[in-house]
Q: 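Sharing a structure with you now.
Keep in mind that this is a model prediction, so the values were computed, not measured. Side-chain atoms are counted along with the backbone in the values below, which use heavy atoms only and exclude waters and symmetry mates. So you know, we letter chains A, B, ... as the sequences are listed, proteins then strands, and number each from 1.
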There are 4 protein chains.
Amino acid sequence: MIVVLKPGAPQGVVDALVDQLRGWNLETQTIVGRENVVIGLIGDTSSLCDDRVQELSPFIDRVLRVKKRFKRASREFHPERTVVSVPTAGGTVEIGGEGPLVCMAGPCSVESEAMILETAHRVKAAGARILRGGAYKPRTSPYDFQGHGESALELLAAARTATGLAIVTEVMDTSDLEAIAEVADIVQVGARNMQNYSLLKKVGQQPKPVLLKRAFSATIDEWLLAAEYILAAGNPNVILCERGIRTFDRQYTRNTLDLAAVPVLRSITHLPVIVDPSHGTGLSQFVESCSKAAVAIGADGLMIEVHPDPARALSDGPQCLTPDEFDAAMANLAPIALAVGRPLQTAAPAAARP
Amino acid sequence: MIVVLKPGAPQGVVDALVDQLRGWNLETQTIVGRENVVIGLIGDTSSLCDDRVQELSPFIDRVLRVKKRFKRASREFHPERTVVSVPTAGGTVEIGGEGPLVCMAGPCSVESEAMILETAHRVKAAGARILRGGAYKPRTSPYDFQGHGESALELLAAARTATGLAIVTEVMDTSDLEAIAEVADIVQVGARNMQNYSLLKKVGQQPKPVLLKRAFSATIDEWLLAAEYILAAGNPNVILCERGIRTFDRQYTRNTLDLAAVPVLRSITHLPVIVDPSHGTGLSQFVESCSKAAVAIGADGLMIEVHPDPARALSDGPQCLTPDEFDAAMANLAPIALAVGRPLQTAAPAAARP
Amino acid sequence: MIVVLKPGAPQGVVDALVDQLRGWNLETQTIVGRENVVIGLIGDTSSLCDDRVQELSPFIDRVLRVKKRFKRASREFHPERTVVSVPTAGGTVEIGGEGPLVCMAGPCSVESEAMILETAHRVKAAGARILRGGAYKPRTSPYDFQGHGESALELLAAARTATGLAIVTEVMDTSDLEAIAEVADIVQVGARNMQNYSLLKKVGQQPKPVLLKRAFSATIDEWLLAAEYILAAGNPNVILCERGIRTFDRQYTRNTLDLAAVPVLRSITHLPVIVDPSHGTGLSQFVESCSKAAVAIGADGLMIEVHPDPARALSDGPQCLTPDEFDAAMANLAPIALAVGRPLQTAAPAAARP
Amino acid sequence: MIVVLKPGAPQGVVDALVDQLRGWNLETQTIVGRENVVIGLIGDTSSLCDDRVQELSPFIDRVLRVKKRFKRASREFHPERTVVSVPTAGGTVEIGGEGPLVCMAGPCSVESEAMILETAHRVKAAGARILRGGAYKPRTSPYDFQGHGESALELLAAARTATGLAIVTEVMDTSDLEAIAEVADIVQVGARNMQNYSLLKKVGQQPKPVLLKRAFSATIDEWLLAAEYILAAGNPNVILCERGIRTFDRQYTRNTLDLAAVPVLRSITHLPVIVDPSHGTGLSQFVESCSKAAVAIGADGLMIEVHPDPARALSDGPQCLTPDEFDAAMANLAPIALAVGRPLQTAAPAAARP
């Protein structure tokens, strides 16, 4: 940590600061510049809050942190890439690392047994390994459909039995976690709850992998610190999901998909990173092209909304692909995936893949 | 609701759409422009999701909502301003309407009995009516101080007994709500939980007033829809608190305080609106000037962080005023408050107020 | 155009409005909803400013524009895609449409004859068809290197002669335009001047194609309206260049590359769209992956900064590729370009391309 | 300047870096932390670009600038506040420092002799000292009214003669500057041209004071560096004007007025700062409340749009006050101005001022 003093800070202030910092069991080294004095702190500053240092004196101009605040999520701490393994009836699905890509697909909400089963069979046939579907839905308005809750969980379980797909579904309340984790192979924390720290601690204390979506306006550091809550609570299996951030231009797309976050994350964290182009753009017509870009830029997988009849979807219809559109998108993705050396995983016995 | 069709939409499509919309018990009226056809929907569209209409046909260009989605929070539904009454040993505190302003003040976190009592006495003497102090703290890093929890609640109760101030403190988890609501006169939902809908429903089902902070990147509509969750659950006493939004420039202030949101909100909602300049700027040196502006622009009150020794604060030190600085700020605010015709409430018997 | 009145607007107000709008030679049609009256305007509203209508009465809640304000830039007006042709000694380069992709590459600034010639030969060998290089540089600080001006133009001309590459370079001042357009095959308007309307009008009045970069915080509509200035002044050859927008998170990348803007633009405008991943991220380590994504998502070309010795670059060093890195990037891009059916154009006689 | 190396940078790299930096005539001092090495640079780094240092080695993690890049605009360089003096027939108007506040008012565009004269007389009577009015208008669409140009300049000159008010009007093109500076007492550079560096250099070379509006998404540092261009070119009389920034929420206001920028600027620059609530909100109904807040927070003045008939304004009607509304706003501002100790300047002989 580096403490920059304001021009003209008296020597007495510098000396007092140094004394105080040493009292905190830190070594210090002082650089006297032409106008500013700078104090470097040597030692374990990870538990030291920048604010506390800043407040030591009004002569402090800035406190600069040299080390990242996230540790377990960092590649420095954990250089090899995390691969999250999800056992399914159709074999283990692996997410992350340098292996084949994974596609999660399904409806925004689980609406009925027929629709979830139909969707599950179709997305499996097209190459998805994981079925998404919401039982509990965070909706902006209290008057919107809030999800079918527990009964939807049962339908997801039935779809798993019928298809062998793994299940990912969202938890919104700590009191629902146990029931959800019984059915889900991956527990999702949505964008709106990314900084719901009570929830993060709880999902960190249970054994199922966690899919952590980025909040609308979370910086990458805040997102990784949210992951750190889960890791620090004991659960090493966190999958990051970029789903679009909020910017000044929302006329043509619901969010701005931050695809460059994928290579940025791959450079600083070992956790797998997937992309959700459905929420990222909010419009089905852009899902295929954004999926291609996500694969090209290095994502470990995709999460795509598919609904048998988007016009009648109870939520998020405009961003859902039909099963036919999903078939086409998966077919068109395949050559890009091959071109980057990471073919799409499928449930079928791994035949002739280059 | 207005449905704008794309140029060139065939007559058959228009007719089919009109049939479908009428099947939903809505009247329609069609405007044939030079290039676009527009269909107006007449009837109760409040429970109709824009998305569902959008998905009816690929020839639909846009769906425009004429009415707001929030209802109980709107002035159209409830023209007279809500005044939230908080009974205290020192008399009822009223927040909202056109009456005197209310100041809430206190430390970010409750750290010890001595510090909370000292702060409470000082902020009361300076004119605050409500003591703020965190028992459960949402912190960006899992390694930061997370609040003293239940023992801090006891200290807040002691401070209330000692001073007669009302208490506002934050709830982060539905499972803590009961314990918090026993001590708190106002329950706070923080910015990070503004769209934690499980929590909103629960605070809406209990009787204590709720202070709802704006999320970092919440639009005004999203914020009012979050309030709508609380109102719809049965609790009419919601206080909105602007605390700064996230923008591209974060070098000099932690957030961008959106002061113009105050008159905007006063024009569309009846709920009281207060401003938190401490979080809004993140720096104590800007708290007084921003407080003056908040009063001048029409806020119903202020929430200000005060700590007896900011340099040793366990959280948010740089944005805390010392008690002496708070005394000065309150004294300097008074003439602005008088100039806008809304003097500051104090606990003292309302002496010579003009 | 649609005029939404506030609830409770008196009939007299509605009648007066209708009279006034008809006085502007517009037909009107009125929809009487349960709470709101809506007036539809029929006729040519393209020259009508929303604001003027809004101001007609305080009972107007909102004015909704049905048609886009840009016309010449829109696909509705001009359905077939524009292909910008640039004649060079090595054959015509075509940008846009559905044909092969174009790569523009070169240094941020032209620094010396040796460096620009070396760079030109290397980027040509790797497959670029157009050489970029700044003679006049917009720099945030007046104390930064401002470009070598006219002498740099001469060096660009020499590089063109030596390699047969076309030249793209930036104009910042209307008074420099003539000299720049003499050397440049494509005239660039930078992000900071995207709304310098005097400059847009002038580049619209000269015959060279114009590369129009998106401003830091320009919406897509504002960007297309800036293009409309050029088109309306008589120049049909406008190339749009996405180069990153400004958002709340600038810690790891200089800007947020808005790749989804590419398919959005392709759906509403006929103009070619290229992507600049160098400015888009600001860091050379992310240029290749973002280039791949740009190609996968449907861009018509790329603009990439290449410098023989980035560590000594007079500007933008951290985002420049070395010629070796550029070679590698182009080689790695090729399979993605093939996978989307749009191979990279090269100067070499079009050999065995599928 | 401080150079932070990545963990694990070899000693040879550190030594080579130190040699190179010393070769640039800088002293260095090295701090060896537990994981990172940090090199402090001592000497004149103001002309050193962070990027050049960053590129010296891939082992450099970050380069941290200790000193601000703006110098002439900084309070460190120029501690006393700049007061810009504008001579008028009605006495000198002073902007900045700690003295009385200045109000600039008038229409967005100069539309006719009658309207500009009427407006001038009315705003003068209400207390404005400076008349604003556009002759050249930057408009988002090429099809919008672009201002009456030279003939409007003549009308402004006539209004000055008739009223004794000073004139502020915008320059968009370096080729118009001479004609504008002949009429204008203050030359305005608009938000869209804040980083039009050719224009900044030219207005810096002429003697009239310059009003520099903040660009939609300019950081405070970028804004002060734009001012630095003008100062460095020789013109010390720069007035900063906050006019709202672009954020994610634009539903209720056209921009987000960044009022906290006022105290931030007062802490780091000596230049006067005024606020434009008309553009800042885009709606006349919020202009008075935002003006009060601007005065309360410490602005040196205001710029307010006033039009005799906003419904017929050729531009920006919805944000214009009528002369009667302006009278009321000025009357309501007066007590706030008194409360902060900075009464509004008026042209009238300074009568009963407290």
Q: What are the two closest non-hydrogen atoms of L271(D) and V238(D), and how far apart are they?
A: CD2-O, 3.6 Å
Q: Drop me the distance from I60(A)'s CD1 to L17(A)'s CG, to the nearest 0.5 angstrom.
A: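 If I round to the nearest 0.5 Å, the distance is 5.0 Å.
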Q: Taking the side chain as every heavy atom from C-beta outward, state whether L265(D) and I220(D) have any pair of such atoms under 4.5 Å apart.
A: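 Touching, per the 4.5 Å side-chain cut-off.
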Q: If you apply the rule side chain to side chain contact (heavy atoms under 4.5 Å, CB included), what do you find for V14(D) with V32(D), and how did you get there?
A: CA-CA 10 Å; V14(D) 178; V32(D) 181; over 6 Å; no
Q: Give every donor-acceptor pair between chain D and chain A closer than 3.5 Å, one pair per line, or write none.
A:
residue, atom, partner, partner atom, Å
Q29(D), NE2, T30(A), O, 2.9
T30(D), O, Q29(A), NE2, 2.9
E35(D), OE2, K67(A), NZ, 2.9
R62(D), NH1, R65(A), O, 3.1
R62(D), NH2, R65(A), O, 2.9
R62(D), NH2, V66(A), O, 2.7
R65(D), O, R62(A), NH1, 3.1
R65(D), O, R62(A), NH2, 2.9
V66(D), O, R62(A), NH2, 2.7
K67(D), NZ, E35(A), OE2, 2.9

Q: Among all residues two or more places apart in sequence or in another chain, which pass the ring pair (Phe, Tyr, Trp, His ring centres under 6.0 Å) test with F59(A)?
A: none
Q: Rounded to the nearest 0.5 Å, how far does CG of L21(A) lie from CD1 of I39(A)?
A: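 It is 6.0 Å, given to the nearest 0.5 Å.
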Q: Going by heavy atoms in the side chains, are I297(D) and V340(D) under 4.5 Å from each other?
A: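 The answer is no, as the side chains (C-beta and beyond) never meet within the 4.5 Å cut-off.
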Q: Can you tell me which portion of I2(D) sits under 4.5 Å from chain A's heavy atoms? Options are side chain, backbone, both or neither.
A: side chain
Q: Please classify the contact between L64(D) and chain A as side chain, backbone, both or neither, with a heavy-atom cut-off of under 4.5 Å.
A: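 For L64(D), the contact with chain A is made by the side chain alone.
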